[in-house]
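In what follows, a structure is listed as structure tokens, so that the remarks can point back to it.
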Amino acid sequence: MAKGLTKRSKDYSQWYNELVIKADLAENSAVRGCMVIKPYGYAIWEKMQQQLDKMFKETGHVNAYFPLFIPKSFFSKEADHVEGFAKECAVVTHYRLMNDPDGNGVVVDPSAKLEEELIVRPTSETIIWNTYKNWIQSYRDLPIKCNQWANVVRWEMRTRLFLRTAEFLWQEGHTAHATKEEALEETETMIKVYAEFAEKYLAVPVIQGLKTENERFAGALETYTIEALMQDGKALQSGTSHFLGQNFAKAFDVKFASKEGTEDYVWATSWGVSTRLMGALIMAHSDDFGLVLPPKLAPIQVAIVPIYKSEEDLAKITEKVDVIVAELKKRGISVKFDDSDNRKPGWKFAQYELQGVPVRLAVGPRDIENNTVEVARRDTLTKEVVSIDGIEDYVTDLLDQIQDNIFQKALDFRAEKTTVVESYDEFKKVLEEKGGFIMAHWDGTSETEQKIKDETKATIRCIPLDGDKTPGNCIVTGNPSAQRVIFAKAY
RNA sequence: CGGGGUGUAGCGCAGUCCGGUUAGCGCACCUGGUUUGGGACCAGGGGGUCGGGAGUUCGAAUCUCUCCACCCCGACCA
């Protein structure tokens, strides 16, 4: 167990909070609700960005950048959209400071009031659609498939590092299409990109599905989501892709001339994932000893710790290790040889475990004598002494195994925590005693969904795209249900 | 915004009830030495507007008033 890390079984929430701090991923800042992402945490985010960016480009998208500030009036144009965000917007009202005439430091200069307030973007649909208006005249200008990497601000009342912060980092894709079909296809393509990324890189299994009307994005006609299950049995919405119909095109008057010479509004999508994925990554895999990172996203994939009594020992070890390091690097594996002499090996072992380094090699005099290294894997916490010959192949293979293993572990966990229920009583019992995903029939109405939420705090996470489509009867009203939907308590 | 809590060294805390030596402890940090196969040890050292302001008092971390910040529970949250 990591020193001072609360056990998951004792207080999962506290375990998470402590882990983020102790693993040096992020910390609270001087600004309420806003976090400082520390270098080690940011390195993981960068790896996510790199991979996602690659996948976006492979699916035909390009990057651009739009302003941080949005004129207030833009928010008046789409009624549902403003309704969804109005309560959590930061507003810029002035553009100048001055020395306090009473000598109490600096104050806002009252004469520098903006004629129109600026909203710090909570999301960029409005500013982007205002811009797209100028870019689009003809069907030949379509599709437009832009993504931006940015920060956004949502003034949340209660925040938690990575899971819900007032400012967070994300990417938001905004596309414009000539037809409904093409926009729908884009929406679905992107949720699949997210699902693939989550499963292959984060090693977090996700369920793809549609949001109900209650849970839909403000201004969207349809919201696709990927839902992941955390170790405490709660769901985490990990990425969304929205079909916006012609809502924003109509709000910002974006029309195009079709091939046939008719004029029509443009069809839109938007999709995003945020630093919340860091939360998913942390909560899905980590244990009471600290982080467990999937090798594909670990900033350090292999840490090498020398064990020595004398300088001569260290020299011999370094000689051997340098060869291993060079070979691993040649294969694109990030490796850190930690020969710092201010920490003992035991401390280093614990630290790399806390920080989730997938593979640790220890090399001491005994190994030099026997031509071996000690290999420890983070996911299983097992150790093995192997020959130094072919160690590069061994490690390369091991990293793949670890990636597969932690995904499989998460998948098994989800299977175990997914329950099919037939009645509302059973629903409540499972929710109370077991948690996790609950698959139940629902009559499709917001009223029933709301009733369940009010009574149990569970929400419909999604109407899954794949799997069992057998109709049945709603567990609350008994009315017909087209298919089971997934309920859970959510973050 | 309602209920509860906390503010003392970089971090974590004691001291506050009942005012009175030079404000203390653990970790971290610096120096030297011994150590190094699972979070080392010894010796020495540095670091404080006790959240801010006002008041009571010979004397305030401690009592009073006031302001501020943060945390937890709730409400809120695509």
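All chains are named by letter (A, B, ...) in the order of the sequence lines, taking the proteins before the strands, and each is independently numbered beginning at 1. Values reported hereafter were calculated over all heavy atoms of this structure, with side chains retained and with hydrogens, waters and symmetry mates removed.
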Verify whether one side chain among A:N370 and A:T372 offers a donor that lies under 3.5 Å from an acceptor in the other. no
Applied to residues 443-460 of chain A, the salt bridge (charged side-chain N to carboxylate O under 4.0 Å, His left out) test, sequence neighbours excluded, yields A:K451-A:E455
Go through the structure and list residues passing side-chain hydrogen bond (donor to acceptor under 3.5 Å, both in side chains) with A:T269, not counting sequence neighbours. A:T175, A:W271
Counting only heavy atoms not in A:E185, do more than 12 sit closer than 6.0 Å to its CD atom? no
Sequence neighbours left out, what passes ring pair (Phe, Tyr, Trp, His ring centres under 6.0 Å) with A:F427? Give chain and number order. A:Y424, A:F487
Report all interatomic pairs (protein N or O, nucleotide N or O of nucleotides 2-12 of chain B) with separations under 3.5 Å.
none

Could you tell me whether the side chains of A:S73 and A:S76 share a donor-acceptor contact shorter than 3.5 Å? no
More than 12 heavy atoms from other groups under 6.0 Å of CD on A:E188: yes
Pairing residues for A:D339 by the salt bridge (charged side-chain N to carboxylate O under 4.0 Å, His left out) criterion, not counting sequence neighbours: none
Span that lies between the C1' atom of B:G12 and that of B:C50, in whole angstrom: 16 Å
Those residues at least two apart in sequence (or on a different chain) that pass salt bridge (charged side-chain N to carboxylate O under 4.0 Å, His left out) with A:K336 are none
Specify the residues of residues 363-375 of chain A, ordered by number, for which at least one heavy atom lies under 4.0 angstrom from an atom of RNA chain B. A:G364, A:P365, A:R366, A:D367, A:E374
Kindly write out the residues that satisfy ring pair (Phe, Tyr, Trp, His ring centres under 6.0 Å) with A:F74, not counting sequence neighbours, or none if the list is empty. A:F252
With RNA chain B as reference, determine whether A:D341 or A:G346 sits nearer its 5' end, using the nearest nucleotide of each. A:D341
With sequence neighbours excluded, residues passing side-chain hydrogen bond (donor to acceptor under 3.5 Å, both in side chains) with A:T131: none
Give me the distance, rounded to whole Å, that separates B:U21 from B:C25 when you measure between the P atoms they each carry. 16 Å
Of all the nucleotides listed (B:G38, B:A28, B:C77), which has the minimum atom distance to the side chain of A:E156? B:C77
So what is the 5' to 3' dot-bracket string for RNA chain B, if pairs are Watson-Crick or G-U wobble with both distances under 3.5 Å, crossing pairs use [ ] and | means the partner sits on another strand? ((((((((.[[[[.)....(...]]]].((((((.....)))))).....[[[[[..)....]]]]])))))))....
Could you check if a side-chain atom of A:P306 sits within less than 4.5 angstrom of a side-chain atom of A:L314, using non-hydrogen atoms only? yes
For residues 308-315 of chain A, which residues have at least one heavy atom under 4.0 Å from RNA chain B? A:Y308, A:K309
Applying salt bridge (charged side-chain N to carboxylate O under 4.0 Å, His left out), which residue pairs with at least one partner in residues 229-241 of chain A are found, sequence neighbours left out? none
